[in-house]
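Shown next, in structure tokens, is the structure this report addresses.
Each chain gets a letter, A, B and so on, in the order the sequences are listed, and its residues count up from 1.
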There are 2 protein chains.
Amino acid sequence: MALGKDYAAQECSIARALEVVGERWTLLVVRDALYGVRRYNDFLVRLGIPRAVLAARLQTLISAGVLEKRRYQDSPPRDEYLVTARGRSLWPVVRALGAWGNDTFDDTLPLRTFHHAACGAELGAHGECPGCGAFVPVEDVEMRPGPGLDQDPADPVSRALLGPHRLLEPVDAGTGALPAPAG
Amino acid sequence: MALGKDYAAQECSIARALEVVGERWTLLVVRDALYGVRRYNDFLVRLGIPRAVLAARLQTLISAGVLEKRRYQDSPPRDEYLVTARGRSLWPVVRALGAWGNDTFDDTLPLRTFHHAACGAELGAHGECPGCGAFVPVEDVEMRPGPGLDQDPADPVSRALLGPHRLLEPVDAGTGALPAPAG
DNA sequence: ATCGTTGGTTCGTCCATTGAACTTACGGCG
DNA sequence: CGCCGTAAGTTCAATGGACGAACCAACGAT
């Protein structure tokens with residue numbers, strides 16, 4: 001991002017964090033990565049982001065150690081982007097931001113809810129499990145569609161995210177169909 | 001911010017939150033507001049932000065209900081910017097981002113620490129008080145300088161923030177001197 | 001040989017940020 | 001009274017980044 005020219009934003013860990021994740025689109029890329037999106041094209045269609053910008057953001061996130069590029073197929077060569085431990089530790093940020101957005105624009109129904117996968121309880125206001133009281137790490141979170149969510153999104157990736165989904169588990173956008181196709 | 005052209009970033013509370021606080025500088029303005037900065041010029045010198053951008057961001061934050069403009073003097077007319085309840089509820093976001101930045105760039109000493117004002121205990125990894133276990137709201141947080149902090153910053157606002165400081169309490173930048181001047 | 005898919009790069013246009021200069025409203029000083 | 005200083009902006013030229021369309025490359029399928 002570079003505030004001022006390069007790093008004029010004094011000594012502050014918030015400013016340094018924003019140098020990495022404060023650019024346009026970056027936190028949405030991280031959000032989708034935490035949701036389980038892993039492929040270039042899947043990010044592309046779900047975000048509607050310009051290709052050049054996506055490539056630049058992925059590169060920045062890799063340099064920052066938030067994502068990791070891994071070859072999952074040799075012929076043709078295909079890579080996927082995985083969330084590192086450092087990226088997973090951005091979950092509190094993403095979750096807090098989403099919670100604030102949900103509280104702030106409360107004119108609409110909740111779009112998604114997050115639950116402790118172990119017990120199914122919906123997470124509290126600060127990301128903790130109401131049962132055990134402890135903060136739930138991203139790998140133990142299950143995302144469920146809320147009443148306000150569009151039931152028929154245009155892109156296959158969003159369609160694959162319509163059902164309940166364990167975070168970080170890869171999203172299967174291969175089938176454009178619903179999990180249990182009726183037709 | 002307007003992703004895409006206006007609001008192409010589908011239905012997602014994170015995207016909507018970023019429409020408000022995702023623009024360059026905005027979260028740093030919110031951070032300083034939570035720290036107790038209230039005046040246009042104080043934001044200006046502490047952030048090193050262009051005047052036009054600061055004016056635009058303050059306006060955006062007021063429109064979003066995060067800040068509130070209040071006249072504190074009539075002659076000459078002077079206004080200050082106060083954090084609303086909605087702005088205070090951004091504390092989890094700001095705190096989580098700072099915590100991530102601190103963990104990520106751990107090559108340096110911590111710059112500031114946050115404590116539960118009631119008991120003095122340093123906040124846990126998720127903003128909770130280790131004693132009572134509950135999340136500490138921003139009005140009950142005390143900020144203390146850490147070992148990595150520059151002891152002689154250039155601008156008077158940062159100087160006023162050198163000592164322990166209850167969040168949201170107004171920063172007195174009127175005196176450029178230290179709390180207990182030796183000279 | 002051609003088409004489609006995936007994962008990019010390049011390029012022209014346009015908008016936002018930047019930093020400097022200018023403006024307004026007032027208080028204080030001599 | 002004229003001049004200076006401060007707080008809070010607005011205006012403006014130059015620049016940099018985002019946008020979107022087009023192009024490129026490697027490969028599988030037909």
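Regarding A:Tyr72, its OH atom lies at a distance of 14 Å from the P atom of C:dT5, rounded to whole Å. In this structure, the CZ atom of A:Arg39 is 13 Å from the P atom of C:dT5, given to the nearest Å. The distance from atom CH2 of B:Trp25 to atom C1' of C:dT17 is 10 Å, rounded to the nearest whole Å. Atom CZ in B:Arg51 sits roughly 12 Å away from atom P in C:dA20 (whole-Å rounding). Rounding to whole angstrom units, CG of residue A:Leu44 and P of D:dC19 are separated by 12 Å. Between B:Leu47 atom CG and C:dT17 atom P the separation is 15 Å, expressed in whole Å. Following rounding to the nearest Å, B:Glu80 (CD) and D:dA7 (C1') show an atom-to-atom distance of 13 Å. Atom pair B:Gln73:CD and D:dT6:C1' shows a separation of 11 Å (rounding to whole Å applied).
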Are any protein N/O atoms closer than 3.5 Å to N/O atoms in nucleotides 26-30 of chain D? If there are, list each pair with its distance.
from: D:dC27; atom 1: O3'; to: A:Ser75; atom 2: OG; distance (Å): 3.1
from: D:dG28; atom 1: OP1; to: A:Ser75; atom 2: OG; distance (Å): 2.8

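Here B:Arg39 does not pair with B:Glu80 in a salt bridge; the nearest charged N to carboxylate O distance is not below 4.0 Å. Salt bridge B:Arg144/B:Glu142: present, at least one basic N to carboxylate O contact under 4.0 Å.
Residue B:Tyr81 places at least one side-chain N or O closer than 4.0 Å to OP1 or OP2 of D:dG9. OP1 and OP2 of C:dT9 both lie 4.0 Å or more from every side-chain N or O belonging to A:Tyr40.
In this structure, B:Thr84 contributes its side chain and B:Glu68 its backbone to no donor-acceptor pair below 3.5 Å. Judged purely by atom type and a 3.5 angstrom limit, B:Arg166 uses its side chain to pair as donor or acceptor with the backbone of B:Glu139. A:Thr26 places no side-chain N or O within donor-acceptor distance of the main-chain N or O of A:Gly22, the cut-off being under 3.5 Å. A donor-acceptor pair under 3.5 Å is formed between the side chain of A:Arg159 and the backbone N or O of A:Ala154.
Smallest separation of non-hydrogen atoms from A:Pro92 and A:Phe135: CG-CZ, 3.8 Å. Looking at every heavy atom in both residues, B:Leu161 comes nearest to B:Tyr35 through CD2-O, 4.1 Å.
Listed candidates were D:dG9, C:dG19, C:dG7. Nearest to the side chain of B:Pro50 is C:dG19.
No contact: A:Phe43 has no heavy atom under 4.0 Å from any strand.
The OH atom of A:Tyr81 lies 7.5 Å from the CD atom of A:Gln59; values are rounded to the nearest 0.5 Å.
At a non-hydrogen distance threshold of 4.0 Å, B:Ala55, B:Lys69 from residues 54-71 of chain B come into contact with DNA chain D.
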